[in-house]
Amino acid sequence: MTNVLDAISTWAIPVVIAAVSLYAIIKKVPVYSEFTEGAKDGFTTAVMIIPYLVAMLCAIGMFRASGAMDWLCAALDPVTSLIGLPGEVLPMGIMRSFSGGGAEGMLVDLLKQYGTQSQIGRIASVALGSTETTFYVVAVYFGSVGVANSRQAIAAGLLGDLASLVASTLIVNAMWF
């Protein structure tokens with residue numbers, strides 16, 4: 001089975017590229033002009049979302065610098081300890097909803113401090129891979145298409161993040177405790 005997965009992982013991207021190229025040739029699609037048109041649209045979108053990115057990064061900085069992150073973690077610690085979620089992982093779990101890069105930096109710090117084979121390291125790693133950057137997605141994607149009212153998207157995203165954090169904790173604790 002390992003050999004099959006190794007072969008698939010080695011050949012998947014070249015086969016997809018060759019298949020798309022072959023399909024384009026058969027359909028007589030001008031690949032280069034389509035590619036450059038897509039790149040131009042991508043650049044336009046990137047320029048459009050810069051204000052939303054700046055606002056998001058500023059909000060994250062204010063959230064952490066104000067002490068709100070520490071206060072929120074201290075308030076939630078008694079509840080999270082009931083399911084076996086260490087208090088050390090909670091800041092990373094909260095940060096993940098705001099910023100993937102910020103959460104990854106916090107994960108690196110946790111792994112350096114507690115080790116990759118520690119319960120904290122395992123829970124944090126699985127939680128990082130299981131949760132989403134909810135506020136980033138709403139700010140950037142909704143902002144880039146001009147959606148002003150996010151309705152229940154933030155609540156649904158945060159509920160999904162919470163469910164992923166709880167599931168990560170429970171699964172890791174069941175497997176390695």
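For the numbers below, each heavy atom of this structure counts, side chains included, while hydrogens, waters and symmetry mates do not. Just so it is clear, the model here is predicted, and its values are computed rather than measured. Just so you know, residue 1 is the first one in the sequence shown, and it goes up from there.
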Please determine which of F98, F135, W71 meets the ring-ring contact (aromatic ring centres under 6.0 Å, His included) test together with F63. F98

Separation between CG of L162 and CD1 of I94, rounded to the nearest 0.5 Å: 10.5 Å

Minimum side-chain heavy-atom gap L110-S118 below 4.5 Å: no

Side-chain donor or acceptor of N173 paired with backbone N/O of G84 under 3.5 Å: yes

So, does R96 use its side chain to make a donor-acceptor pair with the main chain of T131 at under 3.5 Å? yes

Identify the residue among T80, V126, I123, V89 that makes a side-chain contact (heavy atoms from CB on, under 4.5 Å) with T169. I123

Beyond-backbone contact of E104 with V108, side-chain heavy atoms, under 4.5 angstrom: no

Point-to-point distance, once rounded to the nearest 0.5 Å, from CG of L22 to CD1 of I17: 13.5 Å

Kindly compute the distance separating CG (L72) from CG (D77), expressed to the nearest 0.5 Å. 11.0 Å

Please check if the number of heavy atoms outside L82 that lie under 6.0 Å from its CG is greater than 12. yes

Got a second to check how far Q152's CD is from L159's CG, nearest 0.5 Å? 12.0 Å

Does atom CH2 (W176) have a neighbourhood of more than 12 heavy atoms from anything else shown, all under 6.0 Å? yes

Test item: S97 and L158 side chains (from C-beta on) under 4.5 Å apart, heavy atoms: yes

Closest non-hydrogen atom pair, S164 against S168: O-OG, 2.7 Å

